[in-house]
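The structure appears right after this line, and notes come after that.
Chain letters run A, B, ... following the sequence lines, proteins first, then strands; residues in each count from 1. Worth saying up front: this structure is predicted, and the values here are computed from it rather than measured.
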Protein chains: 2
Amino acid sequence: MKTEEEIKIPNATAKRIPLYYRYLKTLQESGVERIKSKEFSQLIQVPSATIRRDFSHFGELGRSGYGYDVSYLIEVFSNILNTKVEKRIALVGAGNLGKALLNNNFRRNENLNIVCAFDANPEMIGQKINGVTVRPMSDMKELVRKEGITTAISTVPSSHSQEVVDQIVDSGITAILNFAPGRVKVPEQVKIQYIDLTTELQTLIYMDENFTSRKHFNFSNQD
Amino acid sequence: MKTEEEIKIPNATAKRIPLYYRYLKTLQESGVERIKSKEFSQLIQVPSATIRRDFSHFGELGRSGYGYDVSYLIEVFSNILNTKVEKRIALVGAGNLGKALLNNNFRRNENLNIVCAFDANPEMIGQKINGVTVRPMSDMKELVRKEGITTAISTVPSSHSQEVVDQIVDSGITAILNFAPGRVKVPEQVKIQYIDLTTELQTLIYMDENFTSRKHFNFSNQD
DNA sequence: CTCAAGATGTGAATATTTTAACAAGAGGTG
DNA sequence: CACCTCTTGTTAAAATATTCACATCTTGAG
Ligand SMILES: NC(=O)c1ccc[n+]([C@@H]2O[C@H](COP(=O)([O-])OP(=O)(O)OC[C@H]3O[C@@H](n4cnc5c(N)ncnc54)[C@H](O)[C@@H]3O)[C@@H](O)[C@H]2O)c1
Ligand SMILES: NC(=O)c1ccc[n+]([C@@H]2O[C@H](COP(=O)([O-])OP(=O)(O)OC[C@H]3O[C@@H](n4cnc5c(N)ncnc54)[C@H](O)[C@@H]3O)[C@@H](O)[C@H]2O)c1
């Protein structure tokens, strides 16, 4: 295995790691001890060549004529995703979507935890949702530090997105998942990822309409 | 402009169209009548070369030394996304997330409408959420036909995902947005798109940890 | 131990996507 | 009208990503 310093993980690979990890855990729970790239391929609907290529970036994880050891793979991907360290997350905007996220709280992922919630609406403050108390925005900076929070999820309306992201950044957080689709400005070192449900839906419908029934446009591949 | 039959829209381009469309509408609302690819680039954080290349797939939409006419672009993208036709959507699984989606109901997109909701839990049946009544699963097939529904959003637990998707497919729907991350089997002609919040969060955190602070891994580009 | 079957890891080919760079054309000014 | 400025659309190059296909290795059976 190459030294970590020289590894360049392709972006496309990085995005698939959590999927691999999730399914490996499922397999382990079902008592499966080894898996071949072809079998895994069928399960997760990713071509086996892509799986093998992806895995190969992290070393020689399998054995010819045998496949991969499920628990070893889990060990490897667990290290890559650093799942042994609890990720303490703040949620900002305890509205409809925020409450749904709080109630779910990444149940199946023991190391992902929403530990704080913030809102600007005085009526929300003090409410307890699935064990998490909603606090005023003014408490954020201090709590982020005190609670060791590293990540934020923003579910505020688009109109307040930039303002809220500014506050999140100011609190020292460097990773933000934003459900408001409007692009906001963040400093270089801050990673922001958008979850844009409307766009996903529109793209889906567009592809359905144009790829399947009315053959006006064609697409080169799927996602 | 090439005839529609010979156009091949790259997948990467297709996924950006809704973003373009959304921002163009916003610009128009702000009274902006023309836009240059460089200005647009700053706004949506997509390189101007990518924007121009994307646009070029749909013809010569702009004018040298001038830029693009906002209302003309809106016209073009509106046709591409077929926004003049109402998309009637069914939501299956009126739980926490389903309710959030119902309450929001793609407010800003006049042509996207969740018109029906279904759930298996008898206690949910009959509840009205933001004007939409929750119905039993047994009503789905008939209502999908009667209401002219073409798209479904599934927000049921992973454990029932395949079962519910089967029912959705059986009702004649060919486009499914699935919030349960487990990969399900669907017939060839059915398009399914997953919204996998845990994966998005894990990828974000992974990139934040490895790209920014601890330089163990590097990534080739961003998303 | 030998061998057939079968799977990995990877070079090489292919496909897709992004980016650079600029010729050609349009706009606006004097 | 002549000219300078600016921006598009596109050609070509570079960067990424996927896929093929097979040499090589391992297993497990006999
Ligand atoms: N709910 C959905 O189905 C859905 C679908 C697509 C996109 N979205 C996006 O997700 C975001 C949240 O949606 P929602 O339905 O939960 O909205 P919501 O109105 O129910 O909740 C928003 C919450 O943010 C709080 N808030 C407002 N301004 C704030 C500020 N400056 N600081 C802190 N908190 C503030 C409000 O008090 C409220 O509790 C929106 O950007 C929306 O566009 C939601
Ligand atoms: N809520 C979140 O923040 C969140 C985050 C990540 C992923 N998800 C995923 O989204 C999905 C929904 O999450 P949720 O929090 O809304 O769950 P939930 O339990 O609140 O709601 C699920 C709903 O589905 C209904 N249902 C169950 N089985 C059904 C069946 N066979 N047919 C029809 N309806 C059925 C239930 O009655 C319930 O109303 C889950 O797959 C979950 O993994 C949710």
Next item on the list: Go through C/dA21, C/dT8, D/dA17 for me and flag the one nearest to the A/R52 side chain.
Entry: C/dT8

Checklist line | Closest nucleotide among D/dG28, D/dT19, C/dT8 to the A/K36 side chain | finding: C/dT8

If only side-chain N and O atoms of [X] are considered, is one of them under 4.0 Å from the OP1 or OP2 phosphate oxygen of [N]?
{"X": "B/T50", "N": "C/dT19", "result": "yes"}
{"X": "B/S37", "N": "D/dT7", "result": "no"}
{"X": "A/S64", "N": "D/dT24", "result": "no"}
{"X": "A/Y68", "N": "C/dG9", "result": "yes"}

Give the rounded distance in Å between these two atoms: [atom1] of [X] and [atom2] of [N].
{"X": "A/F55", "N": "C/dA7", "atom1": "CZ", "atom2": "P", "value": "15 Å"}
{"X": "B/F40", "N": "D/dC6", "atom1": "CZ", "atom2": "P", "value": "22 Å"}
{"X": "A/R16", "N": "D/dT16", "atom1": "CZ", "atom2": "P", "value": "15 Å"}
{"X": "A/I51", "N": "C/dA7", "atom1": "CD1", "atom2": "P", "value": "13 Å"}
{"X": "A/I35", "N": "C/dA7", "atom1": "CD1", "atom2": "P", "value": "11 Å"}
{"X": "A/L73", "N": "C/dA7", "atom1": "CG", "atom2": "P", "value": "16 Å"}
{"X": "B/I17", "N": "C/dT17", "atom1": "CD1", "atom2": "P", "value": "12 Å"}
{"X": "B/R53", "N": "C/dA21", "atom1": "CZ", "atom2": "C1'", "value": "12 Å"}

Notebook entry, point to check: Heavy atoms under 4.0 Å, any strand shown: does B/S48 hit a base, just sugar-phosphate, or nothing?
Noted result: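 The answer is nothing, as B/S48 stays clear of every strand by at least 4.0 Å.
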
Check: Is B/R63 touching bases, backbone alone, or none of the nucleic acid, heavy atoms closer than 4.0 Å?
Finding: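 If one applies the 4.0 Å heavy-atom cut-off, B/R63 turns out to touch the sugar-phosphate alone, with no base involved.
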
Item checked: Neighbour count above 12 (heavy atom, 6.0 Å) for B/E86 CD ->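 Yes, the 6.0 Å shell around CD holds more than 12 heavy atoms from other groups.
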
Checklist line | NZ/NE/NH1/NH2 to OD/OE distance under 4.0 Å, B/K84 and B/E110 | finding: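 Looking at B/E110 together with B/K84, the answer is no, because their closest N to O distance does not fall below 4.0 Å.
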
Next item on the list: May I ask you to say whether B/K191 pairs ionically with A/E209, meaning some side-chain N is under 4.0 Å from a carboxylate O?
Entry: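 Answer for the salt bridge query: no.
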
Notebook entry, point to check: Start at the 5' end of DNA chain C and walk down; is the nucleotide closest to B/P47 or to A/G67 reached first?
Noted result: A/G67

Check: Should the ring pair A/F58 and A/F77 be called parallel, tilted or perpendicular, given that the plane angle runs from 0 to 90° and is split at 30 and 60?
Finding: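 Ring orientation, 0 to 90° scale: perpendicular.
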
Notebook entry, point to check: Per the side chain to side chain contact (heavy atoms under 4.5 Å, CB included) rule, which among B/V46, B/L43, B/V70 passes with B/Y23?
Noted result: B/L43

Note to self: Assuming nearest nucleotide by heavy-atom distance, tell me which of A/Y66 and A/T13 is located more 5' along DNA chain D.
What the structure shows: A/T13

